[in-house]
K.L.:
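I'd like to ask you about the structure that follows.
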Amino acid sequence: MFELIRRDGLARIGKLTAGGRTVETPALLPVINPKILTVTPKELKEEFGFDALITNSYIIRNSPELRERALSEGLHGMLGYDGVVMTDSGTFQSYMYGEVGVTNEEMVTFQRDIGSDIGTVLDVFTEPHWTEERTAKAVEETLGRTAVAADLKGDMMLNGVVQGSVFPGLRENCARAMRGMDVDVHPIGGVVPLMEQYRYAELVGVIIASKKGMDPSRPVHLFGAGHPMLLAFATLMGCDLFDSASYAKFARDDRFMFIDGTFRMADMKSLDCMCPACSGKTLEGVRAMGKRERERLIARHNLYQIKAELALIKRYILEGRLWELAEMRCRAHPALLSGLRELGKHSEFLERTEPLSRGLAMFYTGPETRGRPAFHRFRKRLATRYVPSGKSAVFFDDVGKPHGRIYAEEFEKCRRAGAVPVVVSDLGPVPAELDEIYPVAQSVFPEIQDMETRSDNIESTLRFVDGHGLKMLEYEDLPIGDLDVDADAMKAVAVSRYQFGIEATDALFDGDLELVKSRKTGKIRNVVCGGEHVLSMRAGDGLYTLRPEGARRILEKVPGESMRVMVTADAAKYVMDGRNVFCGFVLSADPEIRPMEEVIVIDPDGKFVATGRAQLTADEMACFKRGVAVRVRKGSGGDEE
Ligand code: GUN
Ligand code: ZN
């Protein structure tokens, strides 16, 4: 069972329950070699707080003594560990050393019999240098074995490993084929050689293709990823679980893991680490230690680095800033930076889970930030949902926010002359009406622009002018106009189009418009049309909250699934009283819904039930069995507050 606690785009904080034990994700599972215990499982849990670990059932099965003990005492008893134990199947050994001489059936049965909480199929490790044809055959074989394993698993949870090497189509199809199988966790396999060779751009392609095909309600494990340097970036792409043998392997040959790389003790100039393992120690002191003692210290140091990074990742997800952390981390190595740049090519896919807005401002950390899905969405909605109020436009430099206050006089002159005022910001052209919405007002850029921003701004401005058929005017050339325009009314409509689309806006703004403004700030608060309060504008992100009267208008005039989440008749009764919509009760939902968007909850007859904010996409609402799908607004149901 995997429950979503919090999400930011593809990144998530979750709760994975296996064998009655629970682990919070993102989590890293230290690899335990039952023959060599540098750090004991008990220490891993009690000292470091690792609530899950992974060990190899193939090694256990091949050792007569361990095999006997595992079968009689059970895996948890043998390891002296009461957290979640995941087992691997011997696939990695077959990749390293060739034939393993066991069958998938034998390995799955053995894992079940020793009480593994999450067992693994004996999948076929697809190697990056293989041809597509050979890879396709291996994927077929893996899928066949996964179906067999699902029949044998009993109460054990099962890892359905996604294979397909560097072929996006094979990866996606493999993941999609497993949607219909009874598996519980999706490791992405065959990626160790890519990581060892620092081929992070290809790794990005592999992860994204796999995510595209996968059932989104299952946790994703990046097999063999354990360097702290990679964790934030992989979490950003929707990986929930990791495993590390490196913490112990590196320790064996005197290598320290740090957030910015791995360093040999022989090359280090100092030990500037404050972790509990290193604290109070000097490099000379560590060098002088005996082999065993030093190995243990370095292993513990490596585990503390991993722990610290996981804690930081969690905080950044909660703050809605994981992008910024990943962008910082990807600067630790040029190969990771390639990965980040590659991810920018997938903004269309990432946009589907990108929240409508975040609590904190977006920080520009470098040209790669331009590949963020928030940029992509802004551009796309500007192209498809913005309707200019005139035939010409005047462009202004971005000298501060909010644009409307800085250029109050100039904007007014434009409007009176029938021209659209547009500020060329670091996000590209921003029409005056949209100057307060996320991420325009809620983003921070360096004052000194980079080349990419400059050339991108020219390009996107030309595209804007072209796309909307506008004539570019110089401010100095504007005639003195006498048009009587209501800038607030224009803003009210433009924001609605941006957020809900043109058709829904026509329905919402039908009738005489009256704007209720804040007495203190003068900002729009309520939109009243034809005497009905249809929308309320939020101060934080400059976007709207949908009111029941507005929702009813959309249901009446906008056909199809648009903005709707249909729930069962039983659930509708509770939701009407202000209870949230839980996943199990969703019958269907508009596939265009994005997290944090305003949605309309309807009953099976299509009747209005409530308004609220989506927490998930339609696919997620359909796949998750538990958790909140829509946070319902109290009093938005049958009875008005
Ligand atoms: N460990 C590292 N990579 C893999 C993989 O592709 N499959 C399995 N089963 N284990 C792994
Ligand atoms: Zn340390």
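Here the structure is a predicted model, which means the values were calculated and not measured. Ligands are counted one by one from 1 in listed order, and the atoms in each one are counted from 1 as well. Throughout, residue positions are numbered sequentially from 1 according to the sequence presented.
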K.L.:
So, the side chain of Ser246 versus the backbone of Gly226: is there a donor-acceptor pair under 3.5 Å, distance only?
P.N.:
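Looks like no, no N/O pair under 3.5 Å.
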K.L.:
Under 4.0 Å from a heavy atom of Asp123: give me the atoms of ligand 1 that qualify, with their elements.
P.N.:
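Atoms satisfying the 4.0 Å criterion: 5 (C), 6 (O), 7 (N), 8 (C), 9 (N).
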K.L.:
Count the heavy atoms of every other residue, nucleotide or ligand shown that sit under 6.0 Å from CD of Gln197, and state whether that count exceeds 12.
P.N.:
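Atom CD in Gln197 is crowded, with more than 12 foreign heavy atoms closer than 6.0 Å.
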K.L.:
Nearest protein heavy-atom contact for atom 3 (N) of ligand 1: which residue, which atom, what distance?
P.N.:
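Closest protein heavy atom to atom 3 (N) of ligand 1: Phe125 CE1, 3.4 Å.
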K.L.:
Less than 3.5 Å between some nitrogen or oxygen of Asp88 and one of ligand 1, yes or no?
P.N.:
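Looking only at distances, the answer is yes, because the N/O contact criterion of under 3.5 Å is met.
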K.L.:
I'd like to know if Arg21 and Asp51 make a salt bridge, using a cut-off of under 4.0 Å between side-chain N and carboxylate O.
P.N.:
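A salt bridge is absent here (no side-chain N lies under 4.0 Å from a carboxylate O).
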K.L.:
Are any of the side-chain nitrogens in Glu141 or Lys137 under 4.0 Å away from the carboxylate oxygens of its partner?
P.N.:
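Between Lys137 and Glu141 there is no salt bridge, as every charged N stays at least 4.0 Å from the carboxylate O atoms.
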K.L.:
What protein heavy atom sits nearest atom 8 (C) of ligand 1, and how far off is it?
P.N.:
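Checked against all protein heavy atoms, atom 8 (C) of ligand 1 sits closest to Phe223 CE1, 3.3 Å.
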K.L.:
Do Asp215 and His186 meet the criterion of a side-chain donor-acceptor pair at a distance under 3.5 Å?
P.N.:
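Short answer, no.
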K.L.:
In terms of residue, atom name and distance, what is the protein heavy atom nearest to atom 2 (C) of ligand 1?
P.N.:
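For atom 2 (C) of ligand 1, the nearest protein heavy atom comes out as Phe92 CD1, 3.5 Å.
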K.L.:
Under 2.8 Å from the Zn ion (ligand 2), which protein N, O or S atoms do you find? Ignore water molecules.
P.N.:
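Atoms qualifying: Cys273 SG, Cys275 SG, Cys278 SG, His301 ND1.
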K.L.:
Can you tell whether the side chains of Arg372 and Glu324 come within less than 4.0 Å, N to carboxylate O?
P.N.:
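The answer is yes: the pair qualifies as a salt bridge.
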K.L.:
Quick check on contacts: which atoms of ligand 1 are under 4.0 angstrom from a heavy atom of Gly189?
P.N.:
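Listed by number with element, the hits are 5 (C), 6 (O).
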K.L.:
State the atoms of ligand 1, each with its element, that fall below the 4.0 Å cut-off from a heavy-atom position in Thr120.
P.N.:
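Answer for ligand 1: 9 (N).
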K.L.:
May I ask you to check whether Thr87 and Ser116 show a side-chain donor-acceptor distance below 3.5 Å?
P.N.:
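There is such a pair (donor and acceptor under 3.5 Å, judged by atom type) between the side chains of Thr87 and Ser116.
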K.L.:
Please work out, at 4.0 Å between heavy atoms, whether the side chain, the backbone, both, or neither of Leu122 comes within that distance of ligand 1.
P.N.:
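For Leu122, there is no contact with ligand 1 at all, from either part.
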K.L.:
Side chains of Ser89 and Gln111: any donor to acceptor distance under 3.5 Å?
P.N.:
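No donor-acceptor contact under 3.5 Å links the two side chains.
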K.L.:
I'd like to check which ligand 1 atoms, numbered from 1 as shown, lie under 4.0 Å from a non-hydrogen atom of Gln163.
P.N.:
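Close to Gln163: 5 (C), 6 (O), 7 (N).
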K.L.:
Looking only at protein heavy atoms, identify the closest one to atom 6 (O) of ligand 1 and say how far it is in Å.
P.N.:
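Checking every protein heavy atom, the shortest distance to atom 6 (O) of ligand 1 gives Gly190 N, 2.7 Å.
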K.L.:
Looking at Arg296 and Glu43, is there a salt bridge between them, counting it only when a charged N and a carboxylate O are closer than 4.0 Å?
P.N.:
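Looking at Glu43 and Arg296, the cut-off is met.
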K.L.:
My understanding is that only residues two or more places apart in sequence, or in another chain, count here; which of them pass ring-ring contact (aromatic ring centres under 6.0 Å, His included) with His376?
P.N.:
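If we apply the ring-ring contact (aromatic ring centres under 6.0 Å, His included) test to His376, skipping adjacent residues, there are no hits.
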K.L.:
Charged N to carboxylate O under 4.0 angstrom, Asp184 versus Lys153?
P.N.:
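Judged by the 4.0 Å cut-off on N to carboxylate O distance, Asp184 and Lys153 do form a salt bridge.
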